[in-house]
Amino acid sequence: MISGFLPYIIYIYNIRFFAYAPYDCANLRLSDRSATGYPTFDYTVPSNIAEHKDIIVAASKTYKGNHSGTAELEFTHALTAVRLVAGND
């Protein structure tokens, strides 16, 4: 290994952090780790209303590869479970 080469590699790359919740949602399928670009997900809405989930997601800003501080994540709702009632219910 060439001395000093690894730190140079770290400086030329950028990183971003992505997060989602709930982690244990059986109907949520994430894109494969080997996929390029931003992560994506597929969600199958359960027929049982009690099993509907609020899905929240977050993405950090872009950091240099040598970033050693905290990464702020602001979560927003991607999907929200809503129940509508009409009539006498």
### Task
Mind listing the closest non-hydrogen atom pair of Tyr38 and Phe18 along with its distance?
CD2-CZ, 3.4 Å

### Query
Under 3.5 Å, side chain of His52 to main-chain N/O of Val45, donor-acceptor pair present?
no

### Message
Between Tyr43 and Arg29, do the side chains contain a donor N or O and an acceptor N or O under 3.5 Å apart?
### Response
no

### Message
Are Val57 and Leu73 connected into the same hydrophobic cluster when the rule is that any two of I, L, V, M, F, W, Y join if their side-chain heavy atoms are below 4.5 Å apart?
### Response
no

### Query
Taking all atoms of both residues into account, what is the closest heavy-atom pair of Pro39 and Ser31, and its distance?
CA-OG, 3.5 Å

### Query
Looking at Arg16 and Ala59, what are the two nearest heavy atoms and their distance?
NH2-CB, 3.7 Å

### Query
Should Asn27 and Lys53 count as side-chain neighbours, where that means a heavy-atom distance under 4.5 Å?
no

### Query
Considering all heavy atoms of both residues, which atom of Ala78 and which atom of Phe41 are nearest to each other, and what is their separation?
CB-CZ, 3.9 Å

### Query
Which atom names give the shortest non-hydrogen contact between Ile15 and Lys64, and what distance separates them?
CG1-O, 3.9 Å

### Task
State yes or no: do Tyr23 and Leu28 share one hydrophobic cluster built from I, L, V, M, F, W and Y residues joined by side-chain heavy-atom distances below 4.5 Å, directly or via other members?
yes

### Message
Hydrophobic clustering (ILVMFWY, side-chain heavy atoms < 4.5 Å, transitive) - are Ile55 and Leu30 grouped together?
### Response
yes

### Query
Hey, what do you get for CD (Glu72) to CZ (Phe17), rounding to the nearest 0.5 Å?
12.5 Å

### Query
Hey, mind stepping through Tyr20 and Phe75 against side chain to side chain contact (heavy atoms under 4.5 Å, CB included) and telling me if it holds?
CA-CA 8 Å; Tyr20 69 96; Phe75 284 85; 5.9 Å; no

